[in-house]
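Worksheet for the structure shown next.
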Amino acid sequence: MNILVVNSGSSSIKYQLFRWPAEQPVCSGLVERIGSAQARITHRVFAAAVPPTEQHHPQPLPDHEAGLREVVRLLTEQPGGVIQDPAEIAVVGHRVVHGDEAFAATTLITAEVKAEIQRLFALAPLHNPANYRGIEVAECLFPQARQVAVFDTAFHQTLPEHVFRYALPTALYTGPRIRKYGFHGTSHQYVAAQAAAYLGQPDARLVTIHLGNGCSMAAVRGGRSLDTSMGFGPLSGLVMGTRSGDLDPSVVLHLLGPLGYSAEQVSTLLNQESGMRGLTGFGDMRDIGQALAAGDARAELAYNIYAYRIRHYIGAYAAVLNGLDAIVFTAGVGENDALVRARVCRDMEFFGLLLNEAKNQERLPGLHDISQPESRARILVVPTNEELEIARQCAELLA
Ligand SMILES: Nc1ncnc2c1ncn2[C@@H]1O[C@H](COP(=O)(O)OP(=O)(O)O)[C@@H](O)[C@H]1O
Ligand SMILES: CC(=O)OP(=O)(O)O
Ligand SMILES: [Mg+2]
């Protein structure tokens, strides 16, 4: 059967098509900058024994519906099309960012599930509305397929109560369910399983470090998340591309009070104008890397703030795990930015972490170990594959 995985973001759609049960990726792609004049689609087709072919399609794409329609055309267009008809897609797996306590597991999408996803718009304003839109469009384009939701929050539903509760009046938990949820769960779950298999230690004490546009860390043991750096929404913890990460709530009160910001302005500030963008003017790590190479002092400081926060959480999670067998770098920045990894791993021998700088600089595909042989804990780079993890969870649910 064919499983199409759709990860709708605010201005992008990532997709991947798998043949199941072979877990064979057939094609993948990225629709970028939806709604702008620079919208384009990168579509890659994988064929046995041939390197993937990549095509760019510049398109006027006003919205997600136009984007997904274009994806369907690429999937079915002959020659080069990988299916004849949209009806050949049996399952569409959707990444949904916030599922709160309602969804501790992957779920078949029904009208009730959609209403719950809508209810959570306010908690993940950058993500859930786009995820919802992706579901509605997929229901139209693939009416015969089963639609499945895989939630970023689900993997972290194993957090113990003393970890997920904030020290707020109990009624704020029992009523509006204010607590830590955690995100990027499919990515933490996938890379933790890969790392544990590589180490041959199913019970390894792992700190997984997901550094994409959004960034988060998790303490994982035995395939269970024990703590994570994002909280009620995807704003807390690490410094991100455009999000602040950890902040004293008094800052928010000061913005709302003496500085006269509205709640909406604070939300825009913390979600879209802060993090690396706020510190340097750039939200994309590649631009900041270039600025740093050109001697920009703001970029230098921003890299140090970014790495410091990660080090802070490694220390915290080594305590949570009562030791450390490996740290795992993943996602766009974690997989590609050797300088971030080097700054994170500097002076960490107390935690048993010794980086092999030559290996750190090598660009290798797949999982690789960049620690020195005498390092007590391993330092791993593990490419994430949220789409494959989502497809696996869909197949498991429907089996
Ligand atoms: N070669 C690279 N060096 C440094 N950063 C990179 C590189 N390639 C991608 N990135 C960074 O990865 C981030 C996006 O990561 P990704 O995991 O794709 O995020 P998301 O899924 O949240 O969109 C961007 O900040 C981008 O700059
Ligand atoms: C939850 C989250 O931050 O996701 P992303 O990194 O895709 O923005
Ligand atoms: Mg991502």
Side-chain angles (χ1 to χ4, degrees), residues 5-16 28-34 42 94-100 120 123-131 134 150-156 181-188 190-191 208-218 228-245 270-272 274-277 279-280 282-293 299 302-303 306-307 329-343 360-361 363-365 381-390:
V5 176
V6 176
N7 177 352
S8 300
S10 51
S11 68
S12 71
I13 304 169
K14 291 181 182 169
Y15 60 93
Q16 196 159 343
S28 70
L30 170 66
V31 190
E32 289 176 281
R33 298 176 198 242
I34 295 171
T42 308
H94 296 270
R95 176 188 181 209
V96 180
V97 163
H98 211 313
D100 87 347
L120 296 165
L123 301 194
L126 294 187
H127 299 92
N128 270 41
N131 305 154
V150 179
F151 296 91
D152 263 41
T153 42
F155 178 60
H156 301 298
Y181 291 100
F183 300 87
H184 296 133
T186 42
S187 179
H188 290 292
Y190 178 82
V191 299
T208 51
I209 310 171
H210 176 106
L211 307 175
N213 275 315
C215 302
S216 68
M217 290 173 57
T228 191
S229 61
M230 282 179 166
F232 180 62
L235 251 186
S236 67
L238 302 181
V239 177
M240 314 184 204
T242 64
R243 286 172 254 167
S244 62
L270 299 182
N271 280 297
Q272 287 159 42
S274 297
M276 296 306 262
R277 177 175 289 161
L279 291 167
T280 67
F282 300 114
D284 190 301
M285 220 46 173
R286 283 165 289 201
D287 297 328
I288 302 163
Q290 280 183 6
L292 184 76
Y303 254 86
Y306 188 93
F329 288 98
T330 194
V333 177
E335 292 165 30
N336 294 298
D337 197 320
L339 185 62
V340 162
R341 295 191 300 251
R343 292 208 177 176
N360 183 41
Q361 294 293 341
R363 295 191 150 269
L364 299 170
V381 178
V382 181
T384 194
N385 195 338
E386 288 163 288
E387 287 75 22
L388 177 59
E389 181 63 37
I390 289 170

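Ligands are counted one by one from 1 in listed order, and the atoms in each one are counted from 1 as well.
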Ligand 2: which residues have a non-hydrogen atom closer than 4.0 Å?
Arg95, Val97, His127, Asp152, Phe183, His184, Gly214, Met230, Pro234, Arg243

Is it the case that the side chains of Asn360 and Arg341 hold a donor-acceptor pair, with the cut-off being a distance below 3.5 Å and no angle test?
yes

In the protein, which heavy atom is nearest to atom 11 (C) of ligand 1, and how far is it?
Val333 CG2, 3.7 Å

If the cut-off is 4.0 Å to any non-hydrogen atom of Arg363, which atoms of ligand 1 fall inside it?
1 (N)

For this output row, return yes or no: ring centroids of Phe183 and His98 closer than 6.0 angstrom.
yes

Counting only N and O atoms by type, is there a donor-acceptor contact under 3.5 Å from the side chain of Thr330 to the main-chain atoms of Thr384?
yes

So for Gln290, does at least one of its heavy atoms come nearer than 4.0 angstrom to any atom of ligand 1?
no

Short question: side chain of Asp152, backbone of His184 - any donor-acceptor pair under 3.5 Å?
yes

Donor-acceptor pair, distance only, cut-off 3.5 Å: does the side chain of Asn336 make one with the backbone of Gly332?
yes

min-distance protein heavy atom vs atom 21 (O) of ligand 1 -> Lys14 NZ, 2.7 Å

Which residue supplies the protein heavy atom nearest to atom 26 (C) of ligand 1, what is that atom called, and how far is it?
Asp284 OD1, 3.4 Å

Minimum-distance protein heavy atom relative to atom 17 (O) of ligand 1:
Gly332 N, 2.9 Å

Out of Ile288, Asn336, Leu30, whose heavy atom is nearest to atom 8 (N) of ligand 1?
Asn336

Do any nitrogen or oxygen atoms of Met285 lie less than 3.5 angstrom from nitrogen or oxygen atoms of ligand 1?
yes

Out of Val333, Leu279, Leu238, which one pairs with Tyr306 under the side-chain contact (heavy atoms from CB on, under 4.5 Å) rule?
Val333

Atom 22 (O) of ligand 1 sits nearest the protein heavy atom Asn213 N, 3.1 Å

Which atoms form the tightest heavy-atom contact between Gln272 and Arg277, and what is the distance?
O-NH1, 3.1 Å

Report yes or no: does Ser187 contribute a side-chain atom to a donor-acceptor pair with the main-chain N or O of Glu386 at less than 3.5 Å?
no

Please check: side-chain N/O of Asn271 versus main-chain N/O of Thr242, any donor-acceptor pairing under 3.5 Å?
no

Just by modelled atom types, is the Gly231 backbone N or O under 3.5 Å from a matching donor or acceptor in the Ser236 side chain?
yes

